[in-house]
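A quick note: this is a predicted structure, and the numbers were derived from the prediction, not measured. Whatever order the structure lists ligands and atoms in, that order sets their numbers, starting from 1.
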Amino acid sequence: MTQQLRGKVALITGGSSGLGLAAAKRFAAEGASVFITGRRQEELDKAVSQISGDVIAVQADSSSPADLDRLYEIIGLKKGRLDIVFANAGILEKGAIGEITEDSVDRLFDVNVKGIIFTVQKALPLLADGGAILLTSSLVASKGLPANSIYAATKASIRSLARGWMVDLKDRKIRVNTISPGAIETPGLKGGAADSVAAQGMLDHFATLIPAGRVGEPDDIAKVAVFLASENASYINGADIPVDGGWTQV
Ligand SMILES: NC(=O)c1ccc[n+]([C@@H]2O[C@H](COP(=O)([O-])OP(=O)(O)OC[C@H]3O[C@@H](n4cnc5c(N)ncnc54)[C@H](OP(=O)(O)O)[C@@H]3O)[C@@H](O)[C@H]2O)c1
């Protein structure tokens with residue numbers, strides 16, 4: 001079968017774990033050269049050992065413009081261009097109104113909003129005309145869940161960024177689409193629980209609420225990311241694709 005991303009150069013931020021790692025495996029299997037980022041070098045090294053194909057890990061914090069400059073310098077030197085930017089790195093912190101702290105608001109907006117903005121803006125000189133930008137939002141952007149308001153606000157902003165950038169980049173034929181995952185079993189989601197027993201309880205509870213009857217796997221997102229990044233999605237632009245087993249709809 002033809003590889004859907006053959007010859008493409010892709011960047012996946014937050015590619016060392018969870019959804020990003022699953023996407024990196026799929027992108028590489030579909031023939032792309034893949035750059036992954038994360039803050040922890042050890043996790044990046046582990047991820048590289050799990051991905052078959054052309055993969056390069058660059059330790060970079062998306063909330064640091066200087067790190068992003070260094071990242072794009074490396075990509076420019078190694079490949080000279082980019083075709084796909086999957087701005088996926090994000091953090092989850094919880095807090096109900098009344099318990100919200102300034103530090104948590106700053107961290108969430110720094111990574112989940114500012115990080116996405118400059119990941120995309122600084123990629124533009126390298127990004128080929130006709131390229132694809134994917135952004136990771138969340139089901140919580142359109143559904144109220146307890147103690148999630150600030151995280152949800154960061155993810156809701158992704159939707160607006162995608163619409164605006166689609167218009168800004170139309171002359172370059174660059175498509176911008178958003179994926180809104182539901183509950184996907186990743187270290188990031190489970191890390192939001194107090195311990196492993198609480199994490200399993202949370203996943204079991206989510207499964208009862210999701211029409212598909214199960215929590216998602218990282219590969220559920222990766223398959224959609226490959227599609228949106230590929231020519232098969234050439235007429236999909238500015239869309240927000242829920243990948244949530246139907247949870248947003250109930
Ligand atoms: N899992 C879900 O149910 C779910 C649902 C909706 C949306 N999402 C979104 O999906 C994305 C991925 O989440 P996940 O569940 O796969 O989480 P994860 O397992 O924690 O993976 C997050 C990845 O992002 C990296 N990262 C975090 N902060 C970063 C930063 N400042 N700069 C660079 N890399 C950073 C992490 O590496 P380091 O920690 O080493 O930096 C890791 O590679 C996030 O945007 C999240 O909000 C997840």
Trainee: Considering heavy atoms of the protein only, find what lies nearest to atom 3 (O) of ligand 1 and give residue, atom and distance to 0.1 Å.
Mentor: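 Checked against all protein heavy atoms, atom 3 (O) of ligand 1 sits closest to Ile184 N, 2.8 Å.
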Trainee: Quick one: look up the protein heavy atom nearest atom 27 (C) of ligand 1 and list residue, atom name and how far away it is.
Mentor: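 Looking at atom 27 (C) of ligand 1, the protein heavy atom closest to it is Arg39 NH2, 3.4 Å.
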Trainee: Should the proximity of Ser137 to ligand 1, defined as any heavy atom under 4.0 Å, be assigned to the side chain, the backbone, both, or neither?
Mentor: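 Backbone only; the side chain of Ser137 stays clear of ligand 1.
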Trainee: How close do Val215 and Leu203 get, heavy atom to heavy atom, and via which atoms?
Mentor: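 Heavy-atom minimum between the residues: CG2-O, 3.3 Å.
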Trainee: Taking atom 10 (O) of ligand 1 as the point of reference, which of Leu19, Ile116, Val243 owns the nearest heavy atom?
Mentor: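 Shortest heavy-atom distance from atom 10 (O) of ligand 1: Leu19.
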Trainee: Any non-hydrogen side-chain atom of Leu71 less than 4.5 Å from a side-chain atom of Lys122?
Mentor: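 Side-chain contact under 4.5 Å: no.
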Trainee: So, applying side chain to side chain contact (heavy atoms under 4.5 Å, CB included) with Leu92, which one of Val140, Thr154, Asn148, Thr186 is it?
Mentor: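 Exactly one pass, corresponding to Asn148.
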Trainee: Which pair of non-hydrogen atoms, one from Asn112 and one from Gly90, has the smallest distance, and what is that distance?
Mentor: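 Taking Asn112 first and Gly90 second, the nearest heavy atoms are OD1-CA, 3.2 Å.
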Trainee: Within the 4.0 Å heavy-atom shell around Ser62, which atoms of ligand 1 are there?
Mentor: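 So the answer, numbered in order with elements, is 30 (C), 31 (N), 32 (N), 33 (C).
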Trainee: Under a 4.0 Å threshold between the charged nitrogen and the carboxylate oxygen, would Arg70 count as salt-bridged to Glu73?
Mentor: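 Result for this pair is no, no salt bridge flagged.
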Trainee: Under 4.0 Å from a heavy atom of Gly188: which atoms of ligand 1 are those, numbered in the order shown and with their elements?
Mentor: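 In order of number, 17 (O), 18 (P), 19 (O), 20 (O).
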Trainee: Which of the numbered atoms in ligand 1 are below 4.0 angstrom from a heavy atom of Gly14?
Mentor: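 That gives atoms 23 (C), 24 (O), 25 (C), 43 (O) of ligand 1.
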Trainee: Geometry only, no angles: is Glu43 polar-contacting ligand 1 at N/O separations under 3.5 Å?
Mentor: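 N/O-N/O distance under 3.5 Å: no.
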Trainee: Between Asp240 and Thr178, is there a side-chain donor-acceptor contact under 3.5 Å, judged purely by atom types and distance?
Mentor: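 No donor-acceptor contact under 3.5 Å links the two side chains.
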Trainee: Record the part of Ala183 in heavy-atom contact with ligand 1 below 4.0 Å; permitted values are side chain, backbone, both and neither.
Mentor: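 Backbone only.
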Trainee: Taking the side chain from Ser138 and the backbone from Ser180, do they hold a donor-acceptor pair closer than 3.5 Å?
Mentor: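 No, Ser138 side chain to Ser180 backbone: no donor-acceptor pair under 3.5 Å.
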Trainee: What protein heavy atom is closest to atom 14 (P) of ligand 1, reported as residue, atom name and distance in Å?
Mentor: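 Of the protein heavy atoms, Thr186 OG1, 3.6 Å lies nearest.
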Trainee: Give the numbers and elements of all ligand 1 atoms closer than 4.0 Å to a heavy atom of Gly90.
Mentor: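 This gives 27 (C), 44 (C), 45 (O) as the contact atoms.
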Trainee: Need the ligand 1 atom indices (1-based, order shown) with element for anything under 4.0 Å from a heavy-atom of Asp61.
Mentor: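 Those qualifying, in numeric order: 30 (C), 31 (N), 32 (N).
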Trainee: Any ion pair linking Arg214 and Asp220 (charged N to carboxylate O, less than 4.0 Å)?
Mentor: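 Between Arg214 and Asp220 there is a salt bridge, with a charged N closer than 4.0 Å to a carboxylate O.
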Trainee: Would you please determine whether Ser64 falls within less than 4.0 Å of ligand 1 on a heavy-atom basis?
Mentor: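 Per 4.0 Å heavy-atom rule, Ser64 does not contact ligand 1.
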Trainee: Students should be able to answer this: which protein heavy-atom is nearest to atom 19 (O) of ligand 1, and at what distance?
Mentor: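 For this ligand atom, the closest protein heavy atom is Ser17 OG, 2.7 Å.
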Trainee: Please name the residue in the list Thr136, Asn88, Ile241 that meets the side chain to side chain contact (heavy atoms under 4.5 Å, CB included) test with Pro181.
Mentor: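 Among Thr136, Asn88, Ile241, the one meeting side chain to side chain contact (heavy atoms under 4.5 Å, CB included) with Pro181 is Thr136.
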Trainee: Output the list of atoms in ligand 1 that are nearer than 4.0 Å to some heavy atom of Gly18, sorted by atom number.
Mentor: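 Counting from 1, the qualifying ligand atoms are 16 (O), 19 (O).
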Trainee: From the options Thr136, Asn88, Thr119, select the one whose nearest heavy atom is closest to atom 45 (O) of ligand 1.
Mentor: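 Comparing heavy atoms across Thr136, Asn88, Thr119, the nearest one to atom 45 (O) of ligand 1 lies in Asn88.
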Trainee: Do the side chains of Val34 and Val85 join up, straight or via other hydrophobic residues, at under 4.5 Å, putting them in one cluster?
Mentor: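 Cluster IDs for Val34 and Val85 differ.
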Trainee: Taking atom CD1 as the centre, does Ile97 end up with more than 12 heavy-atom neighbours from other residues, nucleotides or ligands that are less than 6.0 angstrom away?
Mentor: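 It does not: Ile97 CD1 has 12 such atoms or fewer within range.
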Trainee: Looking only at heavy atoms of Gly182, does any of them come nearer than 4.0 Å to an atom of ligand 1?
Mentor: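 Yes, Gly182 has heavy atoms under 4.0 Å from ligand 1.
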Trainee: Using a 4.0 Å cut-off to any heavy atom of Ala60, which atoms of ligand 1 qualify?
Mentor: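 Answer, ordered by atom number: 32 (N), 33 (C).
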Trainee: How far apart are the C-alpha atoms of Asp54 and Lys79, what are their side-chain angles, what is the distance that settles it, and do they pass the salt bridge (Lys or Arg N to Asp or Glu O under 4.0 Å) test?
Mentor: CA-CA 11 Å; Asp54 184 9; Lys79 300 288 179 188; 2.8 Å; yes
Trainee: Provide, to 0.1 Å, the distance between atom 26 (N) of ligand 1 and the closest protein heavy atom, together with that atom's residue and name.
Mentor: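 Looking only at protein heavy atoms, the one closest to atom 26 (N) of ligand 1 is Ala89 CB, 3.9 Å.
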Trainee: What protein heavy atom sits nearest atom 40 (O) of ligand 1, and how far away is it?
Mentor: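 Result: Arg40 NE, 2.7 Å.
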Trainee: At under 4.0 Å between heavy atoms, is it the side chain or the backbone of Val111 that contacts ligand 1, or both, or neither?
Mentor: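 Side chain only.
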Trainee: Are any of the heavy atoms in Glu185 under 4.0 Å away from ligand 1?
Mentor: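 Contact check Glu185 vs ligand 1: negative.
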Trainee: Is any N or O atom of Ser16, backbone or side chain, closer than 3.5 Å to an N or O atom of ligand 1?
Mentor: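 By distance alone, the answer is yes.
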Trainee: Let me check something: do Val111 and Ile36 share a hydrophobic cluster, defined by ILVMFWY side-chain heavy atoms less than 4.5 Å apart, either directly or through other members?
Mentor: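 No, no single cluster joins them.
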Trainee: Which ligand 1 atoms, with their elements, are less than 4.0 angstrom from a heavy-atom of Tyr151?
Mentor: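 Result: 6 (C), 7 (C), 8 (N), 9 (C), 46 (C), 47 (O).
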Trainee: Under the side chain to side chain contact (heavy atoms under 4.5 Å, CB included) criterion, do Ile150 and Glu93 qualify, and how do the steps go?
Mentor: CA-CA 8 Å; Ile150 305 305; Glu93 291 186 19; over 6 Å; no
